[in-house]
Protein chains: 2
Amino acid sequence: MNPEMLKGHLDTILLATLADGPAHGYAVIQAIRQRSDGSLDLPEGTIYPALHRLELAGLLRSDWTSPSEGRRKRVYALTPAGLVALGEHRANWQRFARAVGAFLDGAAPCPA
Amino acid sequence: MNPEMLKGHLDTILLATLADGPAHGYAVIQAIRQRSDGSLDLPEGTIYPALHRLELAGLLRSDWTSPSEGRRKRVYALTPAGLVALGEHRANWQRFARAVGAFLDGAAPCPA
DNA sequence: TCCCTATGCCTAGTAATACTGAGCTATGGC
DNA sequence: GCCATAGCTCAGTATTACTAGGCATAGGGA
């Protein structure tokens with residue numbers, strides 16, 4: 001799949017993934033791969049900078065796990081602002097998907 | 001709408017638009033605006049270079065209209081290779097849209 | 001013991017892409 | 001004559017995800 005296709009939608013995917021509950025970077029990568037049936041296999045160099053960007057924007061909050069419990073991990077969680085942003089991203093996606101679908105035989109990408 | 005969202009999908013939209021029949025650049029811009037209900041209002045600086053790129057790739061063919069019939073226009077038409085590419089773009093889009101939809105409550109962007 | 005793999009995080013540099021902003025021509029209405 | 005619209009072009013810019021590396025720890029197998 002053309003990597004350019006993802007542009008502008010990565011944040012949406014990350015926010016939606018973390019809406020299920022806090023997770024650390026590596027787990028996010030695996031969750032995305034699983035949930036997309038392998039269609040989206042995003043490298044670490046894509047995920048980590050994106051998480052940093054979202055945290056800088058105030059949409060995520062991160063905490064390091066205490067070193068006592070195994071490996072040190074940085075756990076990301078959605079902030080209230082992130083939840084609001086997710087709503088906007090979802091609306092934008094639906095508008096965009098409907099627009100593109102209008103060009104492809106008007107057939108929305110419904111598996112049904 | 002975030003302009004980055006379009007990245008990687010512009011070619012799909014252009015090929016799909018020209019699948020309805022040959023058209024010149026300015027008409028393509030208007031067709032896209034109409035067909036997307038105004039959601040996609042793409043400037044000339046976006047469309048023309050993209051058309052050139054697709055022509056260079058062999059997916060489009062262009063002909064200048066004869067100067068006798070009013071203004072000179074450059075009419076673009078889909079090549080056989082362009083038709084094949086459109087099919088691939090459509091399949092990619094559907095896979096991508098299904099994957100992203102899986103993150104947004106599993107709800108595909110169907111207005112119904 | 002040593003090495004390899006998986007887990008886990010980070011970053012500098014790169015390439016691709018759409019947009020901005022400007023310029024050019026011709027037609028037609030006022 | 002002047003301006004808006006139609007119509008095409010191009011140089012430069014910003015954003016974005018990816019590449020390709022590096023670092024550290026834990027556990028299993030040779």
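From a predicted model like this one, the values you see are computed outputs, not experimental measurements. Each chain gets a letter, A, B and so on, in the order its sequence line appears, and its residues count up from 1.
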| query | Any donor-acceptor pair under 3.5 Å linking the side chain of Thr46(B) with the backbone of Leu42(B)? | reply | no

| field | Lys73(A) backbone acceptor or donor facing Thr65(A) side chain under 3.5 Å | value | yes

| Do Thr79(A) and Arg61(A) meet the criterion of a side-chain donor-acceptor pair at a distance under 3.5 Å? | no

| Whether His9(B) and Phe96(B) hold their rings parallel, tilted or perpendicular, with breakpoints at 30° and 60° | tilted

| field | Arg72(B) side-chain N/O to dA6(D) phosphate OP1/OP2 under 4.0 Å | value | no

| query | Separation of Leu42(B) atom CG from dG7(D) atom P, in whole Å? | reply | 17 Å

| request: Measure from CD on Glu55(A) to C1' on dC10(C) and round the result to the nearest Å. | output: 14 Å

| query | Are Arg95(A) and Asp37(B) within salt-bridge range, i.e. N to O under 4.0 Å? | reply | no

| Selection: residues 45-52 of chain B, any non-hydrogen atom under 4.0 Å of DNA chain D | Gly45(B), Tyr48(B), His52(B)

| query | Whole-Å distance between dG7(D) P and Arg33(B) CZ? | reply | 12 Å

| query | Given Phe103(A), which of Thr12(B), Leu15(B), Ile32(B), Asp20(B) fulfils the side-chain contact (heavy atoms from CB on, under 4.5 Å) condition? | reply | Ile32(B)

| task | Let me know the distance between CD1 of Ile29(A) and C1' of dC18(D), rounded to the nearest Å. | result | 13 Å

| remark: CD1 of Ile13(A) to CG of Leu104(B), rounded to nearest 0.5 Å, is 8.0 Å

| Interatomic distance, Glu44(A) CD vs dT7(C) C1' [rounded to whole Å] | 9 Å

| task | Would you check if the side chain of Arg74(A) reaches a backbone N or O of Gly25(A) as a donor-acceptor pair within less than 3.5 Å? | result | no

| task | Identify the two heavy atoms, one from Gly8(B) and one from Met5(A), that lie closest to each other, and give their separation to 0.1 Å. | result | O-CG, 3.9 Å

| task | Could you check how far CH2 of Trp64(B) sits from P of dC8(D), rounded to whole Å? | result | 6 Å

| Contact residues, residues 7-28 of chain A to DNA chain C [heavy atom, < 4.0 Å] | Lys7(A), His24(A), Gly25(A), Tyr26(A)

| Closest to the Glu4(A) side chain, choosing from dC9(C), dA16(C), dC19(C) | dA16(C)

| d(CG, Asp41(B); P, dA18(C)) in whole Å | 16 Å

| said: Let's see if you can work this out: which of dA16(C), dC19(C), dA17(D) has an atom nearest to the side-chain heavy atoms of Arg53(A)? | reply: dA17(D)

| Whole angstrom value for the distance that separates P of dA6(D) from NZ of Lys73(B) | 11 Å

